[in-house]
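Okay, so here's the structure we're looking at.
Here the structure is a predicted model, which is why all the values come from computation and not from measurement. Each ligand, and each atom within it, is numbered from 1 in the order the structure gives.
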Amino acid sequence: MADKKLRVGVLISGSGTNLQAIIDAAYENEIDVEVAVVISNRQEARGLERAEKSNIPAVWVDRTAHETFHSYNMAIRDALKMHEVDLVAMAGYMRLLGPEVLKAYPDRVINIHPALLPSFVGASSIHDAFEYGVKLTGVTVHFANEKFDDGPIIAQMAVRIAEDDTVESLEAKIHAVEHRLYPEVLQMFAEGRVSVEGRIARIAPHPEQTR
Ligand code: GAR
């Protein structure tokens, strides 16, 4: 276990099931993480309620209240700074993140995507992969940059599409994998094992594995 908990700021837009998986893993002390703040661009996001239920500061940043994308992103950055966040985790945050946030947290902003990147970027990737007829899809956690679903890949897990799968059953399988993988990756950050050079992210072996 790490000496100090990693303070994570989670960015959401919707239901927040990944957020919930992180909250639960932190609550159960499975990961050395504290969710310091949850920020949503949508007031009605169910994830904000999940945060409040767990006594985590929940912040709605309203894009329409900001004249520019710059000032909207500054507001997000300020909320992250105010809550002394070490790492920013996008979990179903469906907007681009501006340089104001990315530069404030160099190599400390990550995203989860429900496909094996670089395949099936975008907001409907589970459906797109199913309709394309691939036999293998999965989940990717990657560093974020100024493009959608881009940036160095940290971890991936594959999910097989069975003959009798439907979009709904595939969605359930993918979400189950996401809910395992994201807390695992956060723990790798808490242990200081993730580094990145150019496009390549590396995970150092767990200290116990090197003995
Ligand atoms: C998750 O499946 C996440 O991977 C996806 O949005 C969903 C949010 O669900 N993100 C993307 O598609 C990013 N391109 P949640 O709000 O229940 O965690």
Going by the ring-ring contact (aromatic ring centres under 6.0 Å, His included) test, which pairs reach into residues 49-69, not counting sequence neighbours?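 Non-adjacent pairs meeting ring-ring contact (aromatic ring centres under 6.0 Å, His included): zero.
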
Pairs satisfying ring-ring contact (aromatic ring centres under 6.0 Å, His included), at least one member in residues 104-128, at least two apart: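 Checked against ring-ring contact (aromatic ring centres under 6.0 Å, His included) - neighbours excluded - the pairs reaching residues 104-128 are Phe120-Tyr132.
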
Applying the side chain to side chain contact (heavy atoms under 4.5 Å, CB included) test to Ile39, which of Leu48, Leu80, Ile12 qualifies?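 Considering Leu48, Leu80, Ile12, a side chain to side chain contact (heavy atoms under 4.5 Å, CB included) with Ile39 is found only for Leu80.
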
Considering the heavy atoms of Asp149, write down every atom of ligand 1 situated less than 4.0 Å from one of them.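 Result: 13 (C), 14 (N).
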
Give the atoms of ligand 1, by number and element, whose distance to some non-hydrogen atom of Thr17 is under 4.0 Å.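 The list of qualifying atoms is 15 (P), 16 (O), 17 (O), 18 (O).
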
Could you check whether Asp165 pairs with Lys135 (Lys NZ or Arg NE/NH1/NH2 to Asp/Glu carboxylate O, under 4.0 Å)?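 Salt bridge flag = no for Lys135 with Asp165.
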
Answer yes when Glu34 and Arg7 have at least one side-chain N-carboxylate O distance shorter than 4.0 Å, and no when they do not.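 Counted as a salt bridge, because a side-chain N and a carboxylate O are separated by less than 4.0 Å.
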
[atom] - nearest protein heavy atom and its distance:
| atom | result |
| --- | --- |
| atom 5 (C) of ligand 1 | Pro114 CD, 3.7 Å |
| atom 6 (O) of ligand 1 | Met94 CE, 3.4 Å |
| atom 9 (O) of ligand 1 | Asn18 ND2, 4.0 Å |

Using heavy atoms and a 4.0 Å limit, tell me yes or no: is Gly122 in contact with ligand 1?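 Contact check Gly122 vs ligand 1: positive.
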
Taking only non-hydrogen atoms of Arg46, do any sit less than 4.0 angstrom from ligand 1?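 For ligand 1, residue contact (heavy atoms, under 4.0 Å) with Arg46 is absent.
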
Heavy atoms only: which of His113, His179, Glu178 is nearest to atom 2 (O) of ligand 1?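 Looking at heavy atoms only, Glu178 sits closest to atom 2 (O) of ligand 1.
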
Please work out which of Gly92, Gly16, Gly14 has its closest non-hydrogen atom nearest to atom 16 (O) of ligand 1.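 Nearest heavy atom to atom 16 (O) of ligand 1 lies in Gly16.
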
For ligand 1, is there an N or O atom under 3.5 Å from any N or O atom of Ser125?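 No, no N or O pair falls under 3.5 Å.
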
Any N or O of Leu19 closer than 3.5 Å to N or O of ligand 1: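 Not met; the criterion fails.
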
Just let me know how His175 lines up against ligand 1, side chain, backbone, both or neither, with a heavy-atom cut-off below 4.0 Å.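 Answer for His175: side chain.
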
Please say which of Lys4, Gln187, Lys5 ends up in a side-chain hydrogen bond (donor to acceptor under 3.5 Å, both in side chains) with Asp32.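 The passing option is Gln187.
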
Could you check whether atom CD of Glu44 has more than 12 heavy atoms from other residues, nucleotides or ligands sitting under 6.0 Å from it?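 Yes.
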
Can you confirm whether more than 12 heavy atoms, excluding those of Arg160, are under 6.0 Å from its CZ atom?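 At most 12 heavy atoms, drawn from other residues, nucleotides or ligands, come within 6.0 Å of this atom.
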
